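Structure, as structure tokens:
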Amino acid sequence: MQIQRKLAVTTAALALVTGLGSATASAAAPNSAAAACNTQSGPNLDHGHGTMKGTYNLKNMWYSYCDNVDRLEKGDVLYFHCWVQNSHGNVWAYGRVKNTQTHGWMSIDNFDWNKSETTGGPCW
């Protein structure tokens, strides 16, 4: 009987520790994500542009979980400055929204664009 009680207490303690460990790990994720989202601009190396295929958020960095700078609608134009490939293998363009002074990052998957018009290169 005493062995069963010790086993039950040990199992409950292990579950509690494992649960706390998971909570700690998930609590740390937003902090590391936030660190990856420090606003970064890029040099103007390109003269191309892309037209939005739909409504998407312009970001302060090249990850979807980063802060929004603005919301662009279908048909809006972003003048490309340069591009990066993030750690997930996705390519993001940095640029300026047409007729504004708003700059930010957008996944190239969100554009209709003519690759022959793009003459720039990677931001770094």
Side-chain angles (χ1 to χ4, degrees):
M1 186 71 91
Q2 198 170 20
I3 293 174
Q4 288 176 337
R5 177 188 256 166
K6 284 183 180 179
L7 183 58
V9 169
T10 303
T11 303
L14 182 58
L16 180 62
V17 169
T18 303
L20 287 176
S22 297
T24 303
S26 62
N31 291 336
S32 59
C37 290
N38 293 331
T39 300
Q40 176 101 26
S41 61
N44 191 352
L45 305 175
D46 200 333
H47 300 290
H49 68 277
T51 304
M52 302 307 301
K53 291 193 287 189
T55 300
Y56 303 98
N57 291 319
L58 189 67
K59 299 291 188 170
N60 72 325
M61 282 293 277
W62 48 82
Y63 290 97
S64 61
Y65 52 78
C66 292
D67 291 337
N68 297 334
V69 173
D70 201 356
R71 189 157 180 84
L72 303 184
E73 305 291 329
K74 182 176 182 174
D76 286 348
V77 172
L78 186 75
Y79 293 123
F80 299 143
H81 288 202
C82 59
W83 56 269
V84 298
Q85 184 172 16
N86 69 18
S87 63
H88 301 293
N90 302 315
V91 177
W92 288 67
Y94 179 77
R96 181 180 61 82
V97 180
K98 182 179 180 178
N99 297 326
T100 74
Q101 292 303 311
T102 303
H103 292 77
W105 294 92
M106 181 67 67
S107 169
I108 64 165
D109 294 335
N110 299 337
F111 294 110
D112 285 324
W113 58 296
N114 185 346
K115 292 179 184 170
S116 66
E117 291 181 7
T118 304
T119 58
C123 295
W124 300 275

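Predicted model only: the values in this text are computed from it and were never measured. Numbers here are sequence positions counted from 1.
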Check Cys82 against Pro122 and note the closest heavy-atom contact, atom names and distance. CB-C, 4.2 Å
Atom of Tyr65, atom of Ala36 and distance for their closest heavy-atom approach: OH-CB, 4.1 Å
Between Tyr94 and Tyr79, does the ring centre distance come in under 6.0 Å? no
What distance do His49 atom NE2 and Phe80 atom CZ have between them, rounded to the nearest 0.5 Å? 8.0 Å
For Trp105 together with Trp62, are the ring centres under 6.0 Å from each other? yes
Under 4.5 Å between any side-chain heavy atoms of Asn38 and Met61, yes or no? no
Could you go through the ring pair (Phe, Tyr, Trp, His ring centres under 6.0 Å) check for His88 and Tyr63 one step at a time? CA-CA 9 Å; His88 301 293; Tyr63 290 97; 5.5 Å; yes
Working to the nearest 0.5 angstrom, can you tell me the gap between Thr51 OG1 and Asp76 CG? 9.0 Å
Between the CG atom in Leu45 and the NE2 atom in His81, the distance rounded to the nearest 0.5 Å is 9.5 Å
Interatomic spacing from CG in Asp109 to OG in Ser64 - rounded to 0.5 Å: 11.0 Å
What are the two closest heavy atoms between Asn60 and Cys66, and how far apart are they? OD1-CB, 3.2 Å
Taking the side chain as everything from C-beta on, heavy atoms only, tell me whether Val97 gets closer than 4.5 Å to Leu72. yes
Using a cut-off of 6.0 Å, state whether more than 12 heavy atoms not belonging to Lys74 lie near its atom NZ. no
As an exercise, state the distance from NZ of Lys59 to CG of Asp67, rounded to the nearest 0.5 Å. 7.5 Å
After noting the C-alpha distance and the side-chain angles of Leu58 and Thr102, does the key distance pass the side-chain contact (heavy atoms from CB on, under 4.5 Å) rule? CA-CA 9 Å; Leu58 189 67; Thr102 303; 3.9 Å; yes
ILVMFWY network linking Val69 to Val77, side-chain heavy atoms under 4.5 angstrom: no
What one should report as the nearest heavy-atom pair of Ala93 and Leu78 is O-CD2, 4.4 Å
Report the residues that fulfil side chain to side chain contact (heavy atoms under 4.5 Å, CB included) with Asn110, sequence neighbours left out, ordered by chain and then residue number. Met52, Tyr56, Met106, Ser107
Of the non-hydrogen atoms in Cys123 and Gly42, which two are nearest, and what is the gap between them? SG-CA, 4.3 Å
